[in-house]
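Numbering of residues begins at 1 and proceeds along the displayed sequence.
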Amino acid sequence: MTAATHSTLFPQVPETADAVLDGLDPEQREVALALTGPVCVLAGAGTGKTRAITHRIAYGVRSGRLQPASVLAVTFTNRAAGEMRGRLRQLGAGGVQARTFHSAALRQLQFFWPKAVGGDLPRLLERKIQLVADAAARCRVRLDRNELRDVTGEIEWAKVTQTVPADYPAVVAKSHRDAPRDPAEISQIYAMYEQLKRDRSVIDFEDVLLLTVGILQDRHDIADQIRSQYQHFVVDEYQDVSPLQQRLLDLWLGDRDNLCVVGDASQTIYSFTGATPDHLLNFRTRHPAATVVKLVRDYRSTPQVVHLANGLLSQARGRAAEHRLELISQRDAGPDPVYTEYADEPTEAEGTARRIRDLIAAGVPAGEIAVLYRINAQSEVYEQALADAGVPYQLRGAERFFERQEVREAGIALRGAARAGGNDSLLDDVDDLPAQVRAVLSTKGWTSQPPSGSGAVRDRWESLAALVRLAEDFARAKSGATLSDLVAELDERAAAQHAPTVQGVTLASLHSAKGLEWDAVFLVGLTEGMMPITYAKTDEQVEEERRLLYVGVTRARLHLALSWALSRSPGGRASRRPSRFLKGLRPGSGSLGAVASGASGSFERGAAAARRGPRGPVLCRVCGATLTEAGAMKLLRCEDCPSDMDEGLYERLRDWRSEQARELGQPAYCVFTDKTLMAIAERVPATGGELSAISGVGARKLVRFGDDVLAICAGGEGGAGADET
């Protein structure tokens, strides 16, 4: 099998240079043999680009055509650079420099600074946010913690795009960029920040590149010394190069052209940081004699996943779309993508958790499953649904919802307002619970309308808005609920998620999923306003959203599920529409010519509709009221209706659960949640059928724990369910 995705842990070093080429497909082999002149490798997702370029370097070194010390390979993350160095060692090409742009530049800056400037290199700032805060204070501009993050990000963007403070407002206007504050204000803070750096003799991360560029431009002797050392350059993820990084690369090269670049314009998703695919797209213009190789054999994903990815890009517009690659899967056929339309977000989360549980039961490791969403604020409902389903999970690129700074601060504010009661002036003239919550959270950044643009301010607002929606749902489910009741509910939800780190399902934003892959991927929340995101206004911004979804699709090796909800909450108006990007791809979504003719996959409405039939309203078994809150629906009663729970049974179940969790090495909620144990203690099931009727006890848990639970309910101790499994 060529271009294998997985290799043995300690592969044997190839005995000869020609042996380095063994196992490469024809296009990868062409890359490996192109050792001179400009080379442009257009590599689609899953096509083995790292394999191709590492074998190229190793073949050059092993054949004697490249000296290890004369090669500089640069990429964008320390992880990618480390992986490249490891592969080169395994191929017998140790000694090649594989670094990030910043790491390579910093080494050169540290070495040449005494000669070029004199004295010691100024101290490198680990984090610039405090200096930005000082600059804002000098300018008499008040910024909260999240605004500081956004303004800091704007300064970083300005520097990598080589925009000086005075030009910042004009450049922002020309690029249609959403600035987090008034551009003139940011320009002023930016200028003061640069002044403070000079006053304090410090440099920041971006200065490493800027100063290296400055030295190489001004000191030709130093530039010649670097060029004499490095004769050959390789740049990975070239679509993510910023103008400043390209300028540094040009200076490293000088008038030579021994440059190999690798990239895919269809995976450009970081334009907000200054990345641009223009350098990749213009490569053949700048280097007319370049060797161009396209890698389109996809070794990662099944034909069904690849077909969807190709269809998604076939609708793309713009310059990057003109250079898209048509991938060809090299894997055996797999299951069709599954498209599911749900009535509301909680049902979407529950349905997703149920499918994940089924995959795990079928043998797919939890660590090989991912749920990907557009913004981090979407994670909470999936955290809860997976916890309720007993599925372990881990978050990537974000804190757990209740551990986010803004959520903790909101909890403190709500708790204080609950204690103060009628003595809190914030709560004057507001009666109902949602209004009280909105009043309190308005002091923390919540507003009735979301802020424009993206960034930390938007993320903070999304988290606070999720708390407001939770309060609205809680008030509907529990008539007469107080602020203290809501605080207790929040504490219970937070406690249920305080679990040790386990090998579990990955919850991640689409941006943080770049460069990763899983056996099964669930793309959720695919509605207009979320995908594309509502603040994507221009054609270029919308096309970047399409590329972001493409990145999500191509993370899947075998199983792919795409879903959306027509309403935010149960019983809400079904006003949402599925993402425009799915039109012509999902069955029954209309014709888009050739795209529609190839539409494949199964389309469902609702979670497991075929098995469970229509889902009617859930009624309280005590008072008959309609239940909407997940915990109440699990108990089949309103939270404030009388409980007939056997307290002793509940405590025995909790003790048993703790023991099971220890034996399994999982958090307690993965056995049963508190609400499920409460429901069992209230209904005291005597048979497997009665136990399975309780929400949270599925077929898998019935087999695994049913005998123990029924024994405890009958007055016994319960024993070996987990061991037997």
Side-chain angles (χ1 to χ4, degrees), residues 72 74 76-78 81 97 99-169 171 180-181 183-226 229 242-252 273-274 456:
L72 177 59
V74 289
F76 285 82
T77 66
N78 289 321
Q97 292 292 310
R99 296 183 173 275
T100 65
F101 270 101
H102 284 86
S103 173
L106 181 59
R107 290 192 75 199
Q108 294 172 13
L109 196 61
Q110 290 170 330
F111 185 82
F112 289 109
W113 184 268
K115 179 178 180 180
V117 181
D120 296 328
L121 180 69
R123 179 173 61 89
L124 180 63
L125 277 174
E126 291 293 328
R127 298 176 70 247
K128 60 171 69 70
I129 197 163
Q130 184 55 55
L131 201 59
V132 175
D134 293 346
R138 293 279 186 97
C139 296
R140 301 180 185 275
V141 177
R142 288 196 60 176
L143 300 175
D144 66 25
R145 183 172 177 272
N146 288 282
E147 288 174 319
L148 267 175
R149 284 172 53 197
D150 285 345
V151 171
T152 300
E154 283 300 291
I155 291 174
E156 291 171 351
W157 174 83
K159 297 185 76 166
V160 300
T161 56
Q162 302 178 84
T163 303
V164 298
D167 293 342
Y168 173 79
V171 172
R181 300 277 297 204
E185 212 170 49
I186 294 178
S187 173
Q188 184 184 13
I189 296 171
Y190 179 14
M192 180 57 68
Y193 167 78
E194 292 296 319
Q195 180 61 51
L196 288 178
K197 282 200 293 110
R198 289 190 290 271
D199 294 344
R200 300 178 187 182
S201 297
V202 295
I203 60 175
D204 63 25
F205 205 52
E206 291 71 39
D207 288 333
V208 171
L209 300 185
L210 285 164
L211 291 170
T212 306
V213 164
I215 288 175
L216 295 182
Q217 286 180 159
D218 295 342
R219 293 290 300 267
H220 298 292
D221 56 331
I222 293 176
D224 288 342
Q225 190 172 342
I226 290 176
Q229 177 178 354
S242 71
L244 179 56
Q245 289 165 331
Q246 180 62 47
R247 181 63 186 137
L248 177 59
L249 180 60
D250 289 339
L251 288 165
W252 282 340
T273 66

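Atom CZ of R198 has more than 12 heavy atoms from other residues, nucleotides or ligands within 6.0 Å. A 6.0 Å sphere centred on CG of D224 holds more than 12 heavy atoms belonging to other residues, nucleotides or ligands. Within a 6.0 Å sphere centred on CZ of R200, heavy atoms belonging to other residues, nucleotides or ligands number more than 12.
The CD atom of Q130 lies 11.0 Å from the CG atom of L196; values are rounded to the nearest 0.5 Å. Atom-to-atom distance recorded for I155:CD1 and I189:CD1 is 7.0 Å, nearest 0.5 angstrom. Taken from CG in L251 to CD in Q246, the straight-line distance is 10.0 Å, to the nearest 0.5 Å. Here the CZ atom belonging to R149 is positioned 13.0 Å from the CG atom belonging to L143, to the nearest 0.5 angstrom.
Only one option out of T212, T161, L210 pairs with L244 in a side chain to side chain contact (heavy atoms under 4.5 Å, CB included); it is L210.
Between I186 and P180, the closest heavy-atom pair is CD1-CD, 3.9 Å. Smallest separation of non-hydrogen atoms from M192 and C139: CB-SG, 3.7 Å. Taking all atoms of both residues into account, the shortest heavy-atom contact from R142 to E147 is O-OE1, 4.0 Å.
A perpendicular orientation is assigned to the rings of Y190 and Y168, their planes being inclined by more than 60° (bins at 30° and 60°).
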Give the C-alpha distance, both sets of side-chain angles, the deciding distance and a yes or no for side chain to side chain donor-acceptor pair (under 3.5 Å) between Q225 and D221.
CA-CA 6 Å; Q225 190 172 342; D221 56 331; over 6 Å; no

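Contact of the K197 side chain with the K128 side chain is not registered, since no non-hydrogen atoms from C-beta on lie closer than 4.5 Å. At least one side-chain heavy atom of V202 sits under 4.5 Å from a side-chain heavy atom of L131. Put simply, the side chain of L209 reaches to within 4.5 Å of the side chain of H102, judged on heavy atoms. Contact annotation: the side chain of V160 never approaches that of Q245 to less than 4.5 Å [non-hydrogen atoms, C-beta and beyond]. Side-chain atoms of L248 and L216, non-hydrogen and from C-beta on, do get closer than 4.5 Å to each other.
For D204, the salt bridge (charged side-chain N to carboxylate O under 4.0 Å, His left out) partners are K159, not counting sequence neighbours.
Checked for salt-bridge contact, E154 and R181 miss the test: no charged N lies under 4.0 Å from a carboxylate O.
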Residues 104-126 side chain polar contacts: donor-acceptor under 3.5 Å, at least two apart:
{"from": "R107", "atom 1": "NH1", "to": "Q97", "atom 2": "OE1", "distance (Å)": "3.0"}
{"from": "Q108", "atom 1": "OE1", "to": "W252", "atom 2": "NE1", "distance (Å)": "2.9"}
{"from": "W113", "atom 1": "NE1", "to": "D120", "atom 2": "O", "distance (Å)": "3.2"}

